[in-house]
Amino acid sequence: MKQNLLGLEDLSADQIKNILSHAAEMKKIVLSDCKKIPNLQGKTVVNLFYENSTRTRTSFELAAKYMGANATNISSSGSSVAKGESLIDTAETLDSMGTDILVMRHSMSGAPNVIAPLIKASVVNAGDGMHEHPTQALLDMLTMIEHKGGIEGLKVAIIGDVYHSRVVRSNVYGLTKLGAEVTLGGPATLMPKDIDKMGVRVFNNVQEAIVDADVVMALRIQLERQKKGLFPSVREYFRFFGVDQSRLKLAKPDAIVMHPGPVNRGVELSSSVIDGDRSVITQQVTSGVAVRMAVMDMLIHGGF
Ligand code: CP
């Protein structure tokens, strides 16, 4: 039976650990001079993106190509979606062309869950609305393991626009399953009601959330999803919730700084933090290729 990766809510701790362990092996390929293995030779990967992307789309494409697959990208603006074709008809059309893995990004939460049972191809959720972004959380966890040796017992502070963030939901599922202590900090207007029921501690300021953290992860302010009045301005946001060098001093001295990207410089993080020696943002991007190689390899050959 085909497998999908729709979210980390559905995976056990052991399944997440298996993917991360395979991704660590794949990272050696990504960092080597010869980025070519035959694992997906003869297979076809289609990236179907209804929202903009730099990191996720490119890394899925490169991951597929590094493993010898045929890979192609479709965005809603340049396809028959712009002529009114529905998501289901589009997915079934691509399925009929011999697609083995359909990587999907869509603004509607749950869109990949609708498509997965309807097509033969394995479906990977590359971000659905405000729901999940599982490969982002996996690449975040791989990067944490590389720097901290493991996830269990880590204190991870996630700061920012929690309300709109699919990244935070996947990270909370993954990190709590693997034994991390997660604190969330941000404006009350950008904090979902009942989020504490996910096993996290919630603060409406940065300072308390960040104290003694091993990992400080800032979330992007999703300007494209904001309704009016959730915060006064990006300048005010940085003043009260931005992570700068003085707020970072509250975390552990060896804390790492992460951000899923794209970063709004001077809004979520100061430029000196982004470019400073605690920042692992570019390493997250490299881990993204490795994680996506591991996920696609395991979808085709088993091992989830
Ligand atoms: N982190 C992330 O999903 O980035 P992109 O939107 O560039 O893919």
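One-based numbering, in listed order, for ligands and for the atoms of each.
Under a 4.0 Å criterion applied to the non-hydrogen atoms of Q136, ligand 1 contributes the atoms 1 (N), 2 (C). Taking every heavy atom of T56 and a limit of under 4.0 angstrom, the matching atoms of ligand 1 come to 2 (C), 3 (O), 4 (O), 5 (P), 8 (O).
One finds the CG atom of L142 at 12.0 Å from the CE atom of M26 (value rounded to the nearest 0.5 Å). To the nearest 0.5 angstrom, S76 atom OG is 12.0 Å from E85 atom CD. In this structure, Y237 OH and L190 CG are separated by 7.0 Å, a value rounded to the nearest 0.5 Å. Once rounded to the nearest 0.5 Å, the distance linking NZ of K43 with NE2 of H301 reads 7.0 Å.
At a heavy-atom cutoff of 4.0 Å, ligand 1 is contacted by the side chain of R105 but not by its backbone.
In this structure, of S53, P260, S59, the residue bringing a heavy atom nearest to atom 5 (P) of ligand 1 is S53. With L139, V285, T54, T58 as candidates, the residue nearest to atom 7 (O) of ligand 1 on a non-hydrogen basis is T54.
Of the candidates V45, V103, N73, V289, V103 is the only one forming a side chain to side chain contact (heavy atoms under 4.5 Å, CB included) with F60. Among the candidates M293, M296, K65, the single residue satisfying the side chain to side chain contact (heavy atoms under 4.5 Å, CB included) test with L40 is M296.
For G127, the heavy-atom gap to ligand 1 stays at 4.0 angstrom or more. Within the structure, ligand 1 has H133 among the residues with a heavy atom less than 4.0 angstrom away. Judged by the shortest distance from any of its heavy atoms, R220 lies outside the 4.0 Å radius around the atoms of ligand 1.
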Intermediate values then yes/no, salt bridge (Lys or Arg N to Asp or Glu O under 4.0 Å), K120 and D95: CA-CA 7 Å; K120 294 189 289 301; D95 200 39; 3.8 Å; yes
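Protein heavy atom closest to atom 4 (O) of ligand 1, with residue, atom name and distance, is R55 NE, 3.1 Å.
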